[in-house]
S.K.: 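Have a look at this one before I ask anything.
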Number of protein chains: 2
Amino acid sequence: MPSEASLPLTATVRLPRVRGLRVRGQILTRAAELASIDGLDQVSIGRLATAMQMSKSGLYAYFTSKEDLQLATIDCAWRVFEEHVLQPGDDAVEALLERWISYYEREIFPGGCLFVTAGMEFANRDGPVHDALAAALERQVAALEGAIARAGAAGDDDAASLSATDAGQVAFELHAVLTAGNQRFRISRDAAAFAHARAAIERLLA
Amino acid sequence: MPSEASLPLTATVRLPRVRGLRVRGQILTRAAELASIDGLDQVSIGRLATAMQMSKSGLYAYFTSKEDLQLATIDCAWRVFEEHVLQPGDDAVEALLERWISYYEREIFPGGCLFVTAGMEFANRDGPVHDALAAALERQVAALEGAIARAGAAGDDDAASLSATDAGQVAFELHAVLTAGNQRFRISRDAAAFAHARAAIERLLA
DNA sequence: CCTACCGATCGGTAGG
DNA sequence: CCTACCGATCGGTAGG
């Protein structure tokens with residue numbers, strides 16, 4: 001029995017497992033791209049398999065069901081959002097907001113923010129996918145609220161008066177303006193939407 | 001040939017045509033309800049036929065294709081929006097905005113505003129359905145802009161300074177806040193979203 | 001308005 | 001990871 005442990009299991013098992021994780025990541029990235037354009041539900045197992053040049057049942061080696069795939073896709077998309085908007089160091093409100101708009105503007109997801117699209121898609125349904133999307137929305141607003149509160153605590157010029165009114169209220173308004181910028185850019189295909197969003201933010205922070 | 005005109009065609013043709021229009025209206029109302037909940041694409045001919053207790057091909061007596069049905073549904077939903085929000089007489093900005101929020105709050109469409117849901121659903125697609133939804137969004141913003149401009153012209157106290165800044169910018173922000181209220185109410189199922197929206201409006205008009 | 005049908009695609013499974 | 005298959009549903013048509 002102890003001899004089992006000395007077998008080169010790490011080599012024969014861990015390597016494919018690492019590769020499997022990498023492939024899984026590639027599938028999820030592709031799924032998030034497609035979902036941002038067409039919505040989560042439109043990303044069928046068949047279409048995604050074709051896009052990845054594998055068979056449908058090949059995908060089922062990585063995901064147990066479509067819902068499982070959708071949840072993993074949301075997770076992947078959230079990590080992308082965090083990486084581009086929340087984590088890059090400078091957590092001043094203005095810097096955070098500019099990164100946020102720029103993340104829409106540069107089309108990090110080719111179809112715009114996945115959370116706006118998929119959020120409304122699942123708004124009226126129940127279940128884990130709805131809950132994951134609702135949680136992502138809450139986390140987005142909480143990130144804004146946190147940045148406002150931190151700015152107020154640091155004694156920032158405008159920011160202090162901002163959090164004095166109500167950080168939650170300002171966070172709602174900022175989030176509304178940000179997502180409206182994305183929304184109007186996607187639907188009207190007019191980059192003026194971002195100019196509107198930036199002007200609104202300037203007014204809000206003044 | 002002139003005798004044809006004296007035949008009672010009006011009785012045998014117009015009556016069924018009137019009934020046909022009424023049935024068509026009922027189908028579209030049901031379609032708009034379902035689409036507000038699940039999205040336009042999820043309203044399949046089969047599901048809608050079952051909901052109306054008729055056969056699929058029965059529906060094809062009223063619509064030539066699914067796209068035709070979707071365009072007619074958008075038309076129907078717009079008329080409902082107009083009736084509840086735009087037309088009721090008092091075109092002061094505050095009254096218009098209160099009707100708008102109330103229209104979300106009372107769930108005139110059971111799944112919230114069809115234009116927000118379907119707008120994002122078709123945001124990245126091309127074709128007549130996208131164009132119809134984009135036009136509806138533009139008309140919504142234009143209605144807000146018009147109300148602001150009229151208030152400014154009438155020499156309203158706050159309103160004059162409002163349109164002085166930029167009616168288009170204020171309309172963008174009001175629309176952002178309105179739709180964000182609907183969005184967060186649908187996803188988070190928390191009526192506090194409307195309190196946020198009302199507070200935002202008060203701040204914007206002050 | 002109906003029944004009956006078309007080919008395509010859906011999510012998912014069997015068996016390897 | 002594959003082929004081959006399942007029942008269900010899709011948009012749409014034929015023919016009445």
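Only heavy atoms go into these numbers, but all of them, side chains included; no hydrogens, no water, no symmetry mates. Below, chains carry the letters A, B, ... as their sequence lines are ordered, and counting in each starts from 1.
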S.K.: Any chance the rings of B/H130 and B/F122 have centres within less than 6.0 Å?
M.R.: no
S.K.: Between P on D/dT9 and CG on B/D38, what's the gap in Å once rounded to a whole number?
M.R.: 15 Å
S.K.: If I compare all heavy atoms of A/H84 with all of A/R99, which pair ends up nearest, and what's the gap?
M.R.: O-CD, 3.6 Å
S.K.: Starting at CD of A/Q42 and ending at P of C/dC10, how long is that distance when rounded to a whole Å?
M.R.: 9 Å
S.K.: Is a donor-acceptor contact shorter than 3.5 angstrom present between the side chain of B/S57 and the base of C/dT3?
M.R.: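 Under the 3.5 Å cut-off, the side chain and the base do form a donor-acceptor pair.
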S.K.: Below 4.5 Å, heavy atoms only, C-beta onward: do A/L28 and A/L69 meet side chain to side chain?
M.R.: yes
S.K.: Tell me if the side-chain of A/K66 makes a donor-acceptor pair with the base of C/dG12, cut-off 3.5 Å, by modelled atom types.
M.R.: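 Per atom types, no contact qualifies.
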S.K.: A/I45 CD1 to C/dA8 C1': how many Å, rounded?
M.R.: 17 Å
S.K.: Can you tell me the base-pairing partner of C/dG7? Count Watson-Crick or G-U wobble geometry only, both distances below 3.5 Å, and say none if there is no partner.
M.R.: D/dC10
S.K.: Between C1' on C/dC1 and CZ on B/F63, what's the gap in Å once rounded to a whole number?
M.R.: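 Roughly 14 Å, once rounded to whole Å.
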S.K.: On the nucleotide C/dC1, are OP1 or OP2 found under 4.0 Å from the side-chain N or O atoms that B/R19 carries?
M.R.: yes
S.K.: Regarding A/S55, tell me which of base, sugar-phosphate or nothing describes its non-hydrogen contacts under 4.0 Å with the strands shown.
M.R.: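 Answer is base: heavy atoms of A/S55 come under 4.0 Å of a base.
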S.K.: Could you state the atom-to-atom distance from CG of B/L59 to C1' of D/dT13 in whole Å?
M.R.: 15 Å
S.K.: Just name whichever nucleotide pairs with C/dG16, Watson-Crick or G-U, keeping both distances under 3.5 Å, else none.
M.R.: D/dC1
S.K.: Quickly work out the B/K56 NZ to C/dC6 C1' distance and round it to whole Å.
M.R.: 10 Å
S.K.: If we ignore hydrogens and angles and just use 3.5 Å, is the side chain of A/E121 paired with the main-chain N or O of A/D41 as donor and acceptor?
M.R.: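 Yes; at least one donor-acceptor contact below 3.5 Å.
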S.K.: What nucleotide among D/dG11, D/dG12, C/dC1 has an atom nearest to a side-chain atom of B/S44?
M.R.: D/dG11
S.K.: Grab the OH-P distance between A/Y60 and D/dC2 for me, whole Å please.
M.R.: 14 Å
S.K.: Would you please confirm or rule out a distance under 4.0 Å between OP1 or OP2 of C/dC1 and any side-chain N or O of B/Y62?
M.R.: yes
S.K.: Once the angle between the rings of A/F194 and A/F185 is folded into 0 to 90°, is it parallel (under 30°), tilted (30 to 60°) or perpendicular (over 60°)?
M.R.: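 The arrangement is tilted - the two ring planes meet at 30° to 60°.
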S.K.: What is the separation between atom CG on A/L48 and atom P on D/dC1, rounded to the nearest whole Å?
M.R.: 12 Å
